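The block underneath contains the structure these notes are about, expressed in structure tokens.
Fair warning: this is a prediction, and the values are worked out from it, not measured in the lab.
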Amino acid sequence: MTALTDSVAVLAGVGPKRQENLASLGIVTIEDLITYFPFRYEDIQEKNLNEIGDQEKVTLKGTVVSEAILARYGYKKNRLQFRMMQDHDVFSVSFFNQPYLKDKVILGEEIAVYGKWDAKRKALNGMKILGSKSPEDFAPIYHVSKAVRQSTLIELIKVALELYQEQIFENLPTSLIEKYRLMDRKSAIIAMHFPKNHQESQQAKRRVVFEEFFLFQMRMQGLKARDKAEVNGISILYDVPRLKKFVETLPFELTNAQKRVTNEICRDLRSPQHMQRLLQGDVGSGKTVVAAIVLYAAMTAGFQGALMVPTEILAQQHLESLSQLFDPLEVRVAVLTGSTKTKERREILAQLANGELDILVGTHALIQKDVFFANLGLVITDEQHRFGVNQRKILREKGLRPDVLFMTATPIPRTLAITAYGEMDVSVIDELPAGRIPVETRWIRHPQLDSVLEWSLKELSKGHQMYVICPLIEESEALDVKNATEIYERLQTYYGDTYQVALLHGKMKNQEKDQIMENFKDQKSQILVSTTVIEVGVNVPNATVMLIMDADRFGLAQLHQLRGRVGRGGDASYCILVADPKNEMGVERMKIMTETTNGFVVSEKDLELRGPGEVFGFRQSGIPQFIVGDIVNDFNILEVARSEAKKIWQNSDWQHQAEYSSLVETLKIADEEQFFD
Ligand code: ADP
Ligand code: MG
């Protein structure tokens with residue numbers, strides 16, 4: 001019996017050593033091998049030499065117009081050199097340490113060479129000879145290792161397909177194949193490796209991408225449907241009149257968006273289904289008050305709530321804002337962080353366990369083994385992208401499947417939200433409180449810094465405050481601090497006795513950090529020089545200037561977060577980016593920041609420029625790495641796949657649900673933990 005689950009060892013030429021080498025590429029079975037798709041195709045195009053940028057990788061086709069000469073030098077080093085002609089242009093080609101290519105270079109014959117173009121020397125640094133194929137031909141290019149070469153892999157795939165192609169069965173519903181005119185699975189797999197032409201390769205890819213996204217979405221939607229069906233969450237029957245009364249005591253009228261998301265969350269609280277909701281809202285959109293309302297709601301139903309934040313400063317700040325909003329006689333709130341003193345900690349833990357505490361705010365200290373809640377009903381994590389999935393998991397395990405709300409200011413573009421958070425419900429605050437003036441953003445180069453400092457005097461003289469952010473130097477925390485200290489000293493000299501400059505950095509003790517923040521809030525200092533520790537959530541409405549040094553070192557989402565620290569009061573605010581970007585992309589990124597204050601737009605652009613892995617970090621964000629599909633470029637396919645998968649699960653399409661249920665269980669995902677903890 002042959003099946004795609006056979007080991008690659010059945011193929012001729014695959015002995016133990018090669019088997020091992022293939023396994024290191026993730027290829028164990030025949031199925032792995034035939035679905036090990038090329039990541040791109042060598043498109044043999046005749047490019048005009050003048051069109052090629054310096055150091056660009058290209059394939060050039062032409063006639064060999066000189067004998068290939070092999071020059072040996074040094075120990076075991078050699079260079080193969082010859083000239084090629086394209087139209088009437090002659091250029092030289094050299095290959096290093098690939099002497100065996102000499103036989104492939106025949107005077108007067110056409111060849112295609114892949115390599116890196118050196119514009120100055122008008123020479124191609126050859127990497128590979130592709131033979132002379134017609135321009136329509138594609139050479140598949142695979143990710144390979146030293147031990148497994150392209151040619152070996154192609155040969156093995158060819159053999160495997162010959163032996164096993166009858167074993168490749170369709171795995172998509174016929175209705176969808178017809179509806180979207182998709183290639184059948186067998187043809188698509190073959191065409192992925194050996195496309196006849198450009199068009200065929202595109203069709204094959206469309207099918208394979210659809211399959212990848214659809215199966216993924218079937219799993220996501222399947223799990224979501226299952227979770228919804230299991231009525232084992234808790235029903236938080238909050239006290240409506242008390243909640244209404246509380247909302248009336250707020251110092252401002254909620255925005256419509258805040259009202260809407262509060263309703264959505266409250267509906268989930270009441271329902272016996274387990275809530276897993278993502279609350280997205282740009283910086284300053286007012287998520288904290290929404291958190292306060294729903295925590296209060298849980299309390300009126302006799303449940304405890306936990307609010308988890310990434311930093312101690314933020315924990316402290318949340319405690320303050322909650323205490324201000326709540327009547328202290330009615331709601332008992334405490335904060336627990338790594339620096340809570342032993343005695344106080346013991347007290348808090350006791351009160352938590354016997355139900356005397358209603359709400360606990362804290363960092364990951366909240367989830368240590370000895371922390372027990374009497375009746376945990378709701379868990380909220382703020383800036384959730386900073387939390388490890390495991391941490392959230394442990395916290396949730398402390399209660400009886402409490403409802404969970406993830407709040408994030410990182411504007412996750414829709415593309416990502418529906419992949420990474422496909423199993424969650426999403427609420428969006430898409431409106432800022434009235435009266436906010438958009439932050440004006442300017443990009444300057446280093447030499448202009450002096451004039452900006454001069455300008456800052458004007459803002460400071462109005463009684464406003466300013467943040468100065470120093471870049472994080474990843475390689476070295478010491479360098480990081482040194483850098484921040486230098487800027488701090490420079491500014492101290494600059495502002496002299498007129499304004500107080502304070503310094504905040506990651507190496508400081510928590511108590512010290514709190515004190516510095518406190519002083520800044522109380523306007524005892526006017527200028528706060530800081531590494532990115534203030535990035536998340538700090539609320540000092542009187543600060544109107546955000547000056548970011550070496551801004552090109554930050555991600556756009558991060559810059560946007562930092563910018564969100566100003567423009568929180570009613571005054572015009574400014575964000576100044578100091579940067580001398582080294583390339584086009586850097587310039588582009590600075591421009592985007594100056595052109596929009598909409599976090600979603602910023603994030604979308606960042607995604608386009610850098611790709612999801614760079615922007616969010618796969619591990620942190622839980623965004624799956626697809627093999628063929630690209631969630632940005634293939635977004636349309638992703639949307640269609642999702643809506644079809646959703647239909648199957650929501651419309652009681654029993655037949656397909658049954659067909660895919662085992663698949664839903666077994667579908668491979670990079671890191672299972674990332675999704676359904
Ligand atoms: P974020 O969503 O970034 O966490 P915050 O919750 O910190 O935003 O809110 C930012 C500021 O806006 C706070 O000072 C808060 O008191 C204020 N705020 C929140 N909602 C409103 C509202 N509806 N009207 C006016 N101000 C509001
Ligand atoms: Mg916040």
Are side-chain N/O atoms of [X] and [Y] paired as donor and acceptor at under 3.5 Å?
X	Y	value
Glu312	Ser339	yes
Arg277	Ser427	yes
Gln448	Ser451	no

Taking NZ, NE, NH1 and NH2 as the nitrogens, is one of them in [X] or [Y] under 4.0 Å from a carboxylate oxygen of the other?
X	Y	value
Glu344	Arg346	no
Glu320	Lys521	yes
Lys605	Glu588	no
Asp327	Lys245	no
Arg445	Asp550	no
Glu431	Arg436	no

How many angstroms lie between atom [atom1] of [X] and atom [atom2] of [Y], to the nearest 0.5 angstrom?
X	Y	atom1	atom2	value
His318	Ser321	NE2	OG	6.5 Å
Met546	Ser573	CE	OG	10.0 Å
Leu562	Cys575	CG	SG	8.0 Å
Leu307	Leu366	CG	CG	8.0 Å
Gln526	Leu460	CD	CG	7.0 Å
Leu559	Met590	CG	CE	5.5 Å

Quiz item: Would Gln276 and Asp403 count as a side-chain contact (heavy atoms from CB on, under 4.5 Å) if you check the C-alpha gap in whole Å, the side-chain angles of each, and the deciding distance to 0.1 Å?
Solution: CA-CA 7 Å; Gln276 272 213 83; Asp403 283 340; over 6 Å; no
Any non-hydrogen side-chain atom of [X] less than 4.5 Å from a side-chain atom of [Y]?
X	Y	result
Tyr494	Val501	no
Glu356	Arg332	yes
Val602	Leu556	yes
Leu250	Val289	yes
Val404	Met275	no
Val529	Tyr467	no
Glu440	Arg442	yes
Val587	Trp443	yes

Quiz item: side-chain contact (heavy atoms from CB on, under 4.5 Å) between Asp118 and Asp54: does it pass, once the steps are laid out?
Solution: CA-CA 5 Å; Asp118 183 335; Asp54 192 31; 4.1 Å; yes
Contact summary for [X] and [Y], nearest pair of heavy atoms:
X	Y	answer
Ala292	Leu325	CB-CD1, 3.8 Å
Lys287	Leu279	CD-O, 4.2 Å
Gln258	Ser285	NE2-O, 3.5 Å
Cys470	Phe554	O-CZ, 3.9 Å
Ile380	Val294	CD1-CG2, 3.8 Å
Ala365	Arg345	O-NH1, 4.5 Å

Donor-acceptor check, side chain of [X] to backbone of [Y], threshold 3.5 angstrom: yes or no?
X	Y	value
Ser323	Leu319	yes
Gln492	Glu489	no
Gln304	Leu352	yes
Glu264	Val261	no

Self-check item: From CA spacing to verdict: side-chain hydrogen bond (donor to acceptor under 3.5 Å, both in side chains), Asn542, Gln465
Solution: CA-CA 6 Å; Asn542 189 50; Gln465 289 161 284; 2.8 Å; yes
Is it true that, when you exclude [X] itself, more than 12 heavy atoms of the residues, nucleotides or ligands shown sit nearer than 6.0 Å to its [atom1]?
X	atom1	value
Lys462	NZ	yes
Arg490	CZ	no
Gln55	CD	yes
Lys591	NZ	no

Exercise. Let me see the working for Thr441 and Arg563 under side-chain hydrogen bond (donor to acceptor under 3.5 Å, both in side chains), right down to the final yes or no.
Key: CA-CA 8 Å; Thr441 306; Arg563 174 166 67 183; 2.8 Å; yes
Quiz prompt | Derivation of the side-chain contact (heavy atoms from CB on, under 4.5 Å) call for Gln280 and Phe600 | solution = CA-CA 10 Å; Gln280 288 185 5; Phe600 283 81; 3.2 Å; yes
Self-check item: is_close_aromatic(Tyr238, Tyr296), centroid dist under 6.0 Å
Solution: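 No; Tyr296 has its ring centre 6.0 Å or more from that of Tyr238.
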Quiz item: Going by the salt bridge (charged side-chain N to carboxylate O under 4.0 Å, His left out) test, which pairs reach into residues 492-504, not counting sequence neighbours?
Solution: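 Listed by first then second residue: nothing to list.
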Practice problem: Take Val566 and Val545, measure what side-chain contact (heavy atoms from CB on, under 4.5 Å) needs, and give me the verdict at the end. | Solution: CA-CA 6 Å; Val566 295; Val545 182; 5.7 Å; no
Self-check item: All ring pair (Phe, Tyr, Trp, His ring centres under 6.0 Å) counterparts of Tyr574, not counting sequence neighbours
Solution: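 Only Trp455 meet the ring pair (Phe, Tyr, Trp, His ring centres under 6.0 Å) criterion with Tyr574.
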Practice problem: Verify salt bridge (charged side-chain N to carboxylate O under 4.0 Å, His left out) between Glu330 and Arg242, making sure each step is shown before the conclusion. | Solution: CA-CA 11 Å; Glu330 209 184 22; Arg242 266 177 87 191; 3.3 Å; yes
